[in-house]
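Quick notes on the structure that follows.
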Amino acid sequence: MDNVLKRVSGVALAGACVMSASAAFAGEITIWCWDPNFNVAIMKEAGEIYTQSHPDTTFNVVDFAKLDVEQKLQTALASGTTSALPDIVLIEDYGAQKYLQSFPGAFAPMDDVVDYSGFAPYKVSLMTLDGKVYGMPFDSGVTGLYYRTDYLEEAGFKPEDMEGITWDRFIEIGKQVEEKTGHKMTSIDLNDGGMTRIMMQSAGQWYFDENGDLNVTDNAALKAALETQAKMANAGILYPATGWSNYVNAFTSGNTASVITGVWITGTIKAQEDQAGKWRVAPIPSLDGVEGATHASNLGGSSWYVLSSSDVKDEAIDFLNEIFGKDVDFYQKILTERGAVGSLLAAREGEAYKEADPFFGGQEVWQMFSTWLNEIPPVDYGIFTNELDTAVTSNLQSLVQGKPIEDVLKAIEDQAKFQIQ
Amino acid sequence: MAKARPGNLKRFYDVNGWLFVAPALLLIATFMFYPIIRSLVLSTFSGRGMMMKFVGFGNVVRLWNDPVFWQALTNTMTFLVIQVPVMIMLALILANALNNPRLRFSGLFRTAIFLPCVSSLVAYAILFKSMFATNGIINSTLAGIGIIDTPIEWFTDPFWAKTLVILAITWRWTGYNMIFYLAALQNIDKSIYEAARIDGVPAYRRFLHITIPMLKPVILFTTITSTIGTLQLFDEVYNLTEGTGGPANATLTLSLYIYNLTFRFMPNFGYAATVSYVIVLIVAVLSFLQFYAARERS
């Protein structure tokens with residue numbers, strides 16, 4: 001009897017030792033993100049790689065719509081029910097500061113583990129608050145002009161004609177494309193602030209100045225961005241998209257001749273295999289007569305954040321650091337498979353970034369995008385991007401219908417002022 | 001009377017009675033009264049996310065000066081004033097037509113008209129989006145029969161976007177109201193109609209002077225529920241405009257504004273609670289007015 005007891009306790013003790021040795025890393029990491037073909041697939045891939053060296057760690061990648069991720073996250077944070085929260089969540093860059101500032105303590109700082117000097121600086125500054133860095137920088141939204149060579153050739157343009165153009169030139173080309181081929185040049189959803197943000201940032205401006213004050217009525221880049229969009233709408237070269245799926249359908253169905261957006265759209269474009277070889281990529285047009293106007297900009301992009309309430313917090317941070325913070329091969333894989341341009345600078349030295357893509361007629365698109373990535377004028381997104389976006393989209397229509405630009409900017413500022421208290 | 005009082009008091013102090021209702025009372029208190037009172041308290045706070053400060057009536061002042069709030073209120077009221085009467089009339093006419101005993105396949109028609117309100121919200125929003133898209137079936141049909149030359153911009157023109165929302169909610173809820181009228185119509189004594197017919201009263205007058213007065217309580221009920229429903233209008237505009245309330249805030253409703261203040265913008269739960277109390281107030285006032293207007297005069 002005594003013997004049995006000894007043996008049992010001995011086994012239990014041995015078991016406890018084994019447990020404690022691996023206890024540091026033996027849990028399930030729950031991750032919330034959106035876009036099954038992009039973020040979700042990439043996170044699953046990352047999880048598989050990590051599990052190879054850490055077999056006790058399992059992953060539960062949950063796929064929501066982006067709005068649902070934000071809504072669930074915000075509800076759980078506000079109500080204080082941390083058990084409802086995941087361990088890692090994806091947050092779009094525009095909203096990062098909003099979350100960090102309005103829910104202090106909710107996210108885990110990672111600067112004692114992660115070496116942030118290896119990342120694109122603009123990404124790191126987006127997730128820095130009071131000297132602490134939160135989050136793992138993920139994909140970039142570097143923008144490009146994707147266009148159909150077949151339509152443009154029919155209208156009499158060569159790929160050289162699309163390089164380094166201005167928006168006015170773009171509209172001229174668009175008019176000819178419309179006339180000769182019957183296809184609209186591009187599509188914009190005027191209820192979405194995306195195009196305004198692309199154009200504005202390409203000239204190094206944002207809705208706010210460096211002090212965080214509203215920068216609307218005197219913002220030359222914003223003014224030019226709005227005027228350009230109105231000009232395009234009135235020139236008849238625009239397919240007015242209604243909502244995201246309609247917008248995507250406009251170019252995947254071969255309706256429009258070009259699309260100007262973030263690099264993350266590459267996967268969607270390449271999914272149309274019958275259009276292989278017909279697409280090319282060029283830098284986006286620049287704003288005419290605006291100081292600091294460039295051909296590089298950013299749209300969207302997001303990063304991973306660890307919740308400080310997570311009971312596998314250290315494990316989650318270690319996972320992000322191992323894969324997203326160091327694994328250059330992983331970045332090659334998600335680039336070729338998903339078109340994800342990460343913001344780890346070392347990853348750009350990898351093989352995949354040098355490859356020519358037959359889908360784009362043999363262009364070295366990734367090399368081009370990473371060059372443009374370096375040229376994106378850095379701006380501080382601040383915490384009120386959604387408010388200003390709404391103010392802009394609710395007044396853009398009146399500009400298209402002929403209201404003077406000064407009045408429109410004033411109206412945007414008036415509406416924004418009440419929303420950003 | 002004198003005897004009843006101590007009896008009532010005795011009942012009031014009876015522990016057994018309280019024990020029976022305690023679970024229900026507890027649930028009601030937790031899930032109804034507590035949120036109501038808590039949100040009222042919340043509406044005196046303002047701030048970013050969890051960083052809330054007591055502001056007293058600050059939110060009300062902000063509300064008063066907020067152009068977007070007034071726009072949302074105006075939109076909501078526009079939907080209410082146009083859509084509810086149209087829908088009630090349509091439902092009455094449909095119910096009256098389907099109540100005709102000589103109508104064949106009436107069960108099929110009733111089901112078809114009732115079906116929209118049990119269909120999935122998201123599915124129908126997607127359907128409407130594709131039907132009313134610039135190159136959708138509605139525009140091509142209208143162009144095909146020569147009514148329009150250029151496609152109607154259902155989603156980008158403020159007027160047509162409002163019209164679209166009205167069309168959508170009318171399509172969805174008319175059948176629901178119709179069912180109430182159909183049920184009430186079954187209860188009207190057929191001899192009244194027979195008497196009217198013998199007296200030579202034409203059909204439209206029978207409808208106006210017999211059916212409508214007899215349905216008055218049901219009409220009141222449906223008007224109030226529709227009013228409340230329209231004041232809380234959210235799903236349709238959210239799904240049709242991808243949560244923006246666009247174009248140009250033309251379809252922004254109070255509920256969508258509350259959503260934006262909580263989830264889309266920098267979260268300000270206090271201010272959002274204040275806006276939701278505006279809806280409560282308007283519902284209370286309008287319901288009272290409708291009851292008052294429809295009261296039985298003796």
Side-chain angles (χ1 to χ4, degrees), chain A residues 67-68 70-75 77-80 95 97-106 187 189-193 233 239-246 249-250 253 255 382-391 393-401 411 414-421, chain B residues 42 46-52 55 58-59 62-71 122 125-126 128-130 132-136 151 153-158 161 164 238-252 257 259-269 271-272:
Chain A
L67 276 173
D68 292 340
E70 289 171 353
Q71 185 181 341
K72 280 177 84 75
L73 180 66
Q74 223 150 306
T75 316
L77 286 175
S79 61
Q97 284 293 327
K98 175 177 95 172
Y99 284 105
L100 293 178
Q101 291 186 26
S102 55
F103 299 105
S187 69
D189 183 353
L190 292 178
N191 283 334
D192 184 299
Y239 172 83
T242 52
W244 179 252
S245 52
N246 190 247
N249 185 51
S253 68
N255 246 336
I383 51 176
F384 294 117
T385 296
N386 282 339
E387 281 86 338
L388 264 294
D389 244 26
T390 311
T393 50
S394 48
N395 288 291
L396 185 54
Q397 198 66 37
S398 60
L399 182 70
V400 175
Q401 282 156 359
D414 285 346
Q415 177 174 336
K417 251 189 239 161
F418 284 97
Q419 305 293 312
I420 61 168
Q421 300 182 11
Chain B
L42 195 64
S46 181
R48 296 170 186 178
M50 302 306 285
M51 323 277 280
M52 304 278 269
V55 291
N59 282 327
R62 178 175 169 186
L63 201 66
W64 188 258
N65 295 312
D66 182 352
V68 182
F69 163 72
W70 287 107
Q71 167 116 51
V122 177
I126 292 172
F128 264 64
K129 260 168 128 171
S130 74
F132 287 86
T134 314
N135 50 5
E153 304 288 352
W154 291 100
F155 292 92
T156 47
D157 182 87
L164 176 61
Y238 179 84
N239 286 313
L240 285 173
T241 68
E242 314 221 331
T244 60
N249 285 346
T251 59
L252 184 75
Y257 190 44
Y259 178 88
N260 281 345
L261 287 171
T262 340
F263 296 115
R264 199 179 178 85
F265 298 162
M266 178 59 109
N268 189 334
F269 303 110
Y271 189 49

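All values below come from the heavy atoms of this structure, side chains included, with hydrogens, waters and symmetry mates left out. Letters A, B, ... are given to chains in the order of the sequence lines, protein chains preceding strands, and every chain is numbered from 1.
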Are B/R48 and A/I383 side-chain neighbours, meaning at least one heavy-atom pair lies under 4.5 Å? yes

Those residues that, when tested against A/D192, pass salt bridge (charged side-chain N to carboxylate O under 4.0 Å, His left out) (two or more places apart): none

With a 4.5 angstrom heavy-atom cut-off, could you sort out which part of A/Y99 is near chain B: side chain, backbone, both or neither? neither

Nearest non-hydrogen partners of A/P240 and B/T134, listed with the distance: O-OG1, 3.6 Å

Structural part of A/L396 lying under 4.5 Å from a heavy atom of chain B: neither

With respect to chain B, which residue among A/K417, A/K98, A/Q101 yields the maximal number of heavy-atom pairs within a distance under 4.5 Å? A/K98

Given heavy-atom pairs under 4.5 angstrom as the criterion, report whether the side chain, backbone, both or neither of B/Q71 touches chain A. neither

Would you check if A/L67 and B/Y238 make a side-chain contact, meaning some heavy-atom pair closer than 4.5 Å? yes

Between B/Y259 and chain A, which part of the residue has a heavy atom less than 4.5 Å away: side chain, backbone, both or neither? side chain

Please classify the contact of A/Q397 with chain B as side chain, backbone, both or neither, using a heavy-atom distance under 4.5 Å. side chain

With a 4.5 angstrom heavy-atom cut-off, which part of A/S398 approaches chain B: side chain, backbone, both or neither? neither

Are any non-hydrogen side-chain atoms of A/T75 and B/F263 less than 4.5 angstrom apart? yes

Residue from B/R62, B/E153, B/M51 scoring the most non-hydrogen pairs under 4.5 Å with chain A is B/R62

How many angstroms lie between atom CG of A/N191 and atom OG1 of B/T251, to the nearest 0.5 angstrom? 8.0 Å

Looking at CD1 of B/I126 and OG of A/S245, how far apart are the two atoms once the value is rounded to the nearest 0.5 Å? 7.5 Å

Closest approach of B/V68 and A/Q415, non-hydrogen atoms and distance? CG2-CG, 3.4 Å

Atom pair CZ/OG1 of B/F265 and A/T385 - distance to nearest 0.5 Å: 11.5 Å

Does any heavy atom of chain A fall under 4.5 Å from the side chain of B/N65, the backbone, both, or neither of them? both

Hey, could you give me the CG/OG1 distance between B/N249 and A/T390, rounded to the nearest 0.5 Å? 7.5 Å

Select one option (side chain, backbone, both, neither) describing which atoms of B/T262 are under 4.5 Å from chain A's heavy atoms. backbone

Quick check for you: among B/F132, B/Y257, B/F69, B/Y271, which has the greatest number of heavy-atom pairs under 4.5 Å with chain A? B/Y257

Under a 4.5 Å heavy-atom cut-off, does chain B meet the side chain of A/Q401, its backbone, both or neither? side chain

Residue pair B/P67 / A/F418: nearest heavy atoms and the distance that separates them: CD-CD1, 3.3 Å

Measure the spacing between CZ of B/R264 and CD of A/Q74 and express it to the nearest 0.5 Å. 12.0 Å

Is B/F269 close to chain A through its backbone or its side chain, or both, or neither, when contacts mean heavy atoms under 4.5 Å? side chain

Just how far is it from atom CD of A/Q419 to atom CE of B/M266, taken to the nearest 0.5 Å? 13.0 Å

